[in-house]
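Everything numeric here is computed off the predicted structure, so don't read it as measured data. Just so it is clear: chains get the letters A, B, ... in the order the sequence lines come, proteins before strands, and each one is counted from 1.
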Number of protein chains: 2
Amino acid sequence: MKTNGVKLDERDLRIIEILQREGRLSKSELARRVNLSSTPCWERLRHLEDAGIIEGYEARVSLKAFGPLTQVVVTVELESHLPEEFARFEAAVQAHPEIYECDSLGGGIDYVMRVMARDLESYQAFMDRFLGSGLGIRRYFTYVVTKPVKHTPPPVTRIGGSG
Amino acid sequence: MKTNGVKLDERDLRIIEILQREGRLSKSELARRVNLSSTPCWERLRHLEDAGIIEGYEARVSLKAFGPLTQVVVTVELESHLPEEFARFEAAVQAHPEIYECDSLGGGIDYVMRVMARDLESYQAFMDRFLGSGLGIRRYFTYVVTKPVKHTPPPVTRIGGSG
DNA sequence: CCTGAAATCTATAGGTA
DNA sequence: TACCTATAGATTTCAGG
């Protein structure tokens, strides 16, 4: 598989797949799983990290354990599509920790975001403040997450590259 | 902070925050960061894991490194809202690795999903197959992700619980 | 890619407040 | 209960082949 000029073989892909699901696996156990001794496995992993292919590691926390929590998916359309207006909106997104995911989209919606709030009331209070801060939001729609159905790491090793 | 009967103090929350961003930090360095010696820090971490508060660890990979890749956000409405139909749809979601995130929503849309594909053509080919498999999808909308704006871990330690 | 070994980290035992 | 120090065993990292 080719990835922007860097070549990854089956072992590299296997290392990535394993760490996408077991990010804290020891390097020695990882080496065992890919049938290598620990040094070459370690060198491969270091390469994947240094090349930015593996960007970092995250603990996944149980949202239930922190309940009550309300997760909200929000779609946003801006009044204006000037680059300056996009930049202003995105800066505001960065500034608010309650908004923890946001992507720019093509196809009639400008952005989807995920917002974390204690409950619907505090979500609405947050959005009132957010909208009041003078971003040019034409309209937005609110969808409360009622149940997580599936959350897996992005299947890049199956889908991506030219392999 | 209270979390479903388990009490977490400031140090526990700090441990969680650190590992949400640096999931592979060594336990000894983690102990240093929270001003503890390694034993009590290790016990706290073990408790967080055993209690399911920390569910696991994931390597975060660069989607760019695997390019070309197309990420698509899809909203779905089903024909029928019978529990049986929901279950059938959700089982199909589980069965397709291309769909790597899916949440059930309230408010006019039944589901949002994220689909990973090589390009728009293979996305469309995938959706044609998916729709052809006889799930009762009334309609769906496709939004291509044009730019990731913000992706941080869910801010549970700031927002969640009663603290 | 391997072996081997020093530096570091992990997990546990035993003790103090 | 929550913390400490000490330490054996495991792991990580780096030579050298």
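- Counting to the nearest Å, the P atom of D:dT11 and the CG atom of A:L45 are 16 Å from each other.
- Atom CG in B:D12 sits roughly 14 Å away from atom C1' in D:dC3 (whole-Å rounding).
- Atom C1' of nucleotide D:dA2 and atom CD1 of B:I15 are separated by 13 Å, given to the nearest angstrom.
- The shortest distance between the side-chain N/O atoms of B:W42 and the OP1/OP2 oxygens of C:dA11 is below 4.0 Å.
- Taking the six-membered ring for Trp and the full ring otherwise, B:H96 and B:F126 have centroids separated by under 6.0 Å.
- With C:dC1, C:dT10, D:dC3 as the choices, the nucleotide that has an atom nearest any side-chain atom of B:S26 turns out to be C:dT10.
- Using cut-offs of 30° and 60° on the angle between ring planes, the pair A:F130 and A:F89 is perpendicular.
- A donor and an acceptor atom never sit less than 3.5 Å apart when one is taken from the side chain of A:T39 and the other from the base of C:dC1.
- Using a 4.0 Å cut-off between charged side-chain N and carboxylate O, A:R114 and B:D103 make a salt bridge.
- Out of D:dC3, C:dC2, C:dT10, the shortest distance to the side chain of A:R24 is found at C:dT10.
- B:E85 and B:R88 are joined by a salt bridge, as a carboxylate oxygen and a charged side-chain nitrogen come within less than 4.0 angstrom of each other.
- Taking 4.0 angstrom as the limit, A:R11 places a side-chain polar atom (N or O) nearer than this to OP1 or OP2 of C:dC1.
- Atom-to-atom, CG of A:L30 to C1' of D:dA10 comes out at 16 Å; the value is rounded to the nearest Å.
- Of the candidates D:dC4, D:dT11, C:dT10, D:dT11 carries the atom nearest the A:R32 side chain, counting heavy atoms from C-beta on.
- Taking atom CD of residue A:E43 and atom C1' of nucleotide D:dA15, one finds them 11 Å apart after rounding to whole Å.
- Following rounding to the nearest Å, B:E29 (CD) and D:dT12 (P) show an atom-to-atom distance of 16 Å.
- Between B:R44 and D:dC3 there is a side-chain N or O to OP1 or OP2 distance below 4.0 Å.
- One atom, CG of A:L25, and another, P of D:dT12, lie 9 Å apart when rounded to the nearest Å.
- Minimum heavy-atom separation, B:Q124 to B:Y140: NE2-OH, 3.2 Å.
- Comparing A:P40 and B:S28 by the nucleotide of DNA chain C that holds the closest heavy atom to each, the one mapping nearer the 5' end is A:P40.
- Base contact: B:S37 has a heavy atom under 4.0 Å from a base atom.
- The separation between A:K27 atom NZ and D:dT11 atom P is 12 Å, rounded to whole Å.
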